[in-house]
Structures are given as structure tokens and as C-alpha cells.
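A short worksheet on the structure shown next.
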2 protein chains.
Amino acid sequence: MRRVVEFKKKARVLLIDDNYEHLAGIREIISLEGQFDVVATSTNANVGVSLVKKHHPDVVLMDINMPEKDGLQAIQEIEKLDLGVRIVALSGYDDADLIFRAMKLGAKGYVLKTMASAQLIYAIEEVVSGKIYLPPALSSRFFEYFQRSFKEEEANISNEENLLTYLTQREEEVLDLLTQGITYKGVAGKLFISETTVKTHVNNIFQKLQVNDRTQAVLYAINNGFTNKRRALMTTV
Amino acid sequence: MRRVVEFKKKARVLLIDDNYEHLAGIREIISLEGQFDVVATSTNANVGVSLVKKHHPDVVLMDINMPEKDGLQAIQEIEKLDLGVRIVALSGYDDADLIFRAMKLGAKGYVLKTMASAQLIYAIEEVVSGKIYLPPALSSRFFEYFQRSFKEEEANISNEENLLTYLTQREEEVLDLLTQGITYKGVAGKLFISETTVKTHVNNIFQKLQVNDRTQAVLYAINNGFTNKRRALMTTV
DNA sequence: CATTTCATAGACCATGTGGTCTACATCATT
DNA sequence: AATGATGTAGACCACATGGTCTATGAAATG
């Protein structure tokens, strides 16, 4: 068994925080631990993104409460670079929406500034090792927000009465084709029925959905859970 | 300070698991602890849902790997009752997709059958106290799945080339109105321009989006990130 | 200053779309 | 046997929509 002598190279960290005091403090904390290299720092999000391009750090600690440029936007830009840079969001607030958005944009961790320095170090370690790390308290908030947003979506879809339920099977088939942007003639061809029959069905659909034209029918269908490809991707039970 | 003597009423638990051995085992575990009441059990999802209606338990432990009726579907049905019943999903697999779907449907916890009984008890305690609980390992899987699904969505939206970027601002305004199912005349009215101008814009839009009619244009817009109300709700950065 | 892009708008025409009515065959329900 | 819902289909008509061309003024770009 080979002896691996303290030689795994240190993870390279880049700090972005508009508050210089914080920046210095964090740098101090990280330096003291000695297990990471701080390759660069910036008090400006735009500059920070440039530095990321230049240095290709392993991890970026990103303050997301910055006045000028939004830290969230910076996260998005860095993710778009697709350099495999892992981002830990730093924030003063445990706002569920902020956490949700940061994670959605690809942040691999979210740490509150009020947390103990050990927690920050731990989060970085976890993220460096490829994991996603949220402190348990934030984890809870995230899940709550997650569930709430889905519940709201469902409420929107099946609220009051879904007029789609009044459609006959045949009418659903027709509507399905309409939501693919197909003409009467096209639908008639696909369903092996005459064009006038399609028109009859379509008119009945309009009646039932209380709309005046195909575009509105298609919109109603999509907004009310009529499964079309991409919604299916995200919303599949 | 009042002395609260061991008198908070026990949380009422209902078990659903098609495997009778498991069911008995879990019941045993819970009973031994003595802090929860098992009010009913069932080896069948449909019956289980009925029992939930009858007993209004505080917590339901739901096996989601059942052959006949899907446990996920049962979760959905129970959630739809809106009785405030909290569901903990039980599963043999730490499949990220399963976890994601269970949580999306409103499960407040997810526990693997292979986990120590103490973990199950702890999960129930947390859930009873109003929290959401996922074991750290599952939490990680959940987050990975979450991020991956969003990344895929983004990839779908901005893959190759988003033809929407070629639209001029005015054309975007027109398209925006089209995605609300408005006619030429209506658009003209809203934008204070003539109907023929609208037609010109619309035709240019068709050219740029490489489609033949308004329905297809609207579909393209929606499927490619053109913000319309409900997408905004879910996808807002 | 020339050129390009953009927003505006008219003319003309073919065709797609929507509204309304009537009609008939099936099938299930009463 | 009668009724109602469903799927089919034709006729007719008004108008919305889409395709193509031309044209002008403003603004930006070179």
C-alpha cells in the first residue's frame, strides 16, 4: 500500500463578496485552515466572473446579496461557462426563495454568513468532494418551498373546474393534434376522417372550453395540464 | 413553570405496506417505542386510502413499491383529500427519481427499509413536529436529481439556437400578444398600430421562427422559454 | 453620406378558420 | 321503443389569416 503523504493538491477557491470586511474575514478563515488555496478575490460580481474565467477555480464562494450585480445572475453566468466550477452561495438570509433559486441555478451549497466558520469549511469540503451540501435548517426551508411551489402549480391546474374533462375521447385526440399546430386537413388525414368532421369536433371543443379560436384552445390545454411533451418532462408524476 | 407530565397525546400512525412481514415488523418497531399509536394497517393501497379517510391519522407510512396500486398514486390521492395528513414514504430503493416524485407529490419524509429502526422513528418524530425529513444520503440524491432536471430543461430551451433571439423588440411584443390568443385586430388595438402592420410583424415572426401559422409560433415561444404567466411561476430565476 | 435595420402601412389574393344548421348511424340508457 | 350522447359528414357563408410585393420615414451604423 502506497503511502500518500499529504500531497493531494489543495482545492483552489475564489471569493466574491462586495463587502470587503466579509471578504477579508472569509479569506482569513479559509487560510487558517490551510486546506484550501484562495486564488483570487473580488468585491464585484462582474470582475468575479472574469476571474473565474481566468483562474478556473475548483470552488467559488459567492455572496448573493450584492447591490449592483445580482449574485444569482453571476451564478448563472458561471454555470453557463460549464467549467465544472462548483459554487457555494453565501448569504445573510435564510430566505427560502433565495435558496431555491440559487440551487436551481446550480449552486452546490448555500451557507449563511452567520454560521460558524467550521460550517463554512465543512460545506466547502463536501462540495469539493462532489456532494451537494445544505445545512439541515436550510435543507428544510428548501423542501418546504419546493413542495409549496408544486402545490401551487397543481392548484392552478385543477382549480375550480377543468373544462378539459368535458371533452370526449375523440375531441381529446383532435385537441392533441391542434396542440401540435396541425391544420384541419392534417388532422383529418391523421384521424382518417373528413375535414368537415374535424371542424365539427373543433367547434365542439371551442364550446366546451369556452374559447373562440384554436390558439386559445391550445393555450387552455397547455395551461391546464393537457400533457404536451415538455411539460411532461418536468411535471410527470 | 408548569410541569408537563408525559401527557401530550400520542401521534396516530397508519401503515400501508403490501408485504405483511414488513408491515408487522414496522408495527413492532413503532409499538416498542411506545410514543406513537398505530391506528390501522393495510396491505392494500386502495384500502389504505379509505382507512385514511376514516381515521384521519397524523402520519401515514406508505410503502411506495407495491405491485397493484402504485404507492405514489396513493400519496397523491391522500394529499388531494387535504386532511393535513403527513406522509412518510417507505421504499426499498434510494432511487433519485422515486424520491423526487414522492416529495413532489407532498411526502414529508422518505425512509429506506434497510435503515435502522431508530432512523424511522426519528423521521416520524420530525415529520410529526411539522418538519420535512430526508436522511442526508437521500437528501443528496434529491438535490442532484433536482439540479439535473433543471439543467436538462435549460438545455432543451437554449439548445442549439433559440430563434426567439432574432426577434426585434416590437416583434416580441406582438408575439407576446399572440401567446395570449389575441387576433390581428386586437393586437393592432393594443399596440396602437394598423392591422396591416401587425400582419407584417407576424409574417416576419413566422419567417424568423420558421413556422407557418400563429399556433406553431405560440408553441415555439412557449417551448423555448418565452415567458408566459405560469411558466414564470415555476421557472423564474 | 450611403447603407442597413426597423417600424410603419397599403394592396391583392388564396385559403384556412369559425359559425350555424342539418343529417344519419351507433350505442348505451331509460 | 324512445332518448340522448357520440362520431360522422355536407352545405353555406363571413371573415380571419397567411403570402407576397411595394413603399416610406426614422434611427443607427458604417
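By convention in this document, chain letters (A, B, ...) are assigned in the order of the sequence lines, proteins followed by strands, and residues within each chain are numbered from 1.
- The pair A:Arg141-A:Glu144 fails the salt-bridge criterion, with no side-chain N (NZ, NE, NH1 or NH2) lying under 4.0 Å from an Asp/Glu carboxylate O.
- The closest side-chain heavy-atom distance from B:Ile26 to B:Leu90 is below 4.5 Å.
- Aromatic rings of A:Tyr93 and A:Tyr110 (six-membered ring for Trp) have centroids beyond the 6.0 Å cut-off, not under it.
- Atom CZ in A:Arg214 sits about 4 Å away from atom P in C:dT17, given to the nearest Å.
- Using a 4.5 Å cut-off on side-chain heavy atoms (C-beta onward), B:Leu105 and B:Gln76 make contact.
- Summarising the geometry, the separation between NZ on A:Lys199 and P on C:dG18 is reported as 9 Å, rounded to the nearest angstrom.
- Put simply, B:Ser194 has a side-chain N or O that comes within less than 4.0 Å of OP1 or OP2 on C:dA9.
- B:Thr196 comes within 4.0 angstrom of a nucleotide base, judged by non-hydrogen atoms across all strands.
- As judged by a 4.0 angstrom heavy-atom cut-off over every strand, A:Thr183 is placed among residues touching the sugar-phosphate backbone only.
- Salt bridge status for B:Glu77 with B:Lys80: absent, with no side-chain N to carboxylate O gap under 4.0 Å.
- Nearest-nucleotide positions on DNA chain C place B:Phe192 closer to the 5' end than the other of B:Asp213 and B:Phe192.
- The main-chain N or O of B:Asn46 is found under 3.5 Å from a side-chain atom of B:Asn44 such that the two form a donor-acceptor pair.
- Phosphate proximity of C:dG18 to A:Tyr184: present, with a side-chain N or O under 4.0 Å from OP1 or OP2.
- Here the rule is side-chain contact (heavy atoms from CB on, under 4.5 Å) with A:Leu15, and of A:Thr41, A:Leu51, A:Val59 only A:Thr41 fits it.
- Between A:Arg214 and A:Tyr184 there is a side-chain heavy-atom pair separated by less than 4.5 Å.
- Residue contacts for A:Thr168: at a heavy-atom cut-off of 4.0 Å it reaches the sugar-phosphate backbone alone, with no base atom in range.
- Between B:Glu172 atom CD and C:dT5 atom P the separation is 18 Å, expressed in whole Å.
- To the nearest angstrom, C1' of C:dT5 lies 16 Å from OH of B:Tyr166.
- In this structure, B:His201 places its NE2 atom 8 Å from P of C:dA9, rounding to the nearest Å.
- Between A:Phe100 and A:Tyr145, the angle of the ring planes lies from 30° to 60°, which puts this pair in the tilted group.
- Between B:Leu164 and B:Leu175 there is a side-chain heavy-atom pair separated by less than 4.5 Å.
- Where DNA chain D meets chain A (any atom under 4.0 Å from a heavy atom), the bounding nucleotides read 5' to 3' are D:dT6 to D:dC12.
- For the pair B:Val52 and B:Leu14, the minimum side-chain heavy-atom distance is below 4.5 Å.
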Atom pairs under 3.5 Å, N or O on each side, protein against nucleotides 22-30 of chain C: can you list them with distances?
none

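- Each end of the helix from C:dC1-D:dG30 to C:dT30-D:dA1 gets its own axis, taken as the rotation carrying the C1' atoms of four end pairs onto the next four within a five-pair window, and the two axes meet at 40° to the nearest 10 degrees.
- Rounded to whole Å, atom C1' of C:dC6 lies 9 Å from atom NZ of B:Lys208.
- DNA chain C is contacted by both B:Asn204 and A:Lys185; B:Asn204 maps to the nucleotide lying nearer its 5′ end (nearest heavy atom per residue).
- Rounded to an integer number of Å, the gap from CD of A:Gln207 to C1' of C:dC21 is 13 Å.
- Note: B:Phe146 and A:Phe142 meet the aromatic proximity criterion, with ring centroids under 6.0 Å apart.
- One atom, CD of A:Gln216, and another, P of C:dT17, lie 15 Å apart when rounded to the nearest Å.
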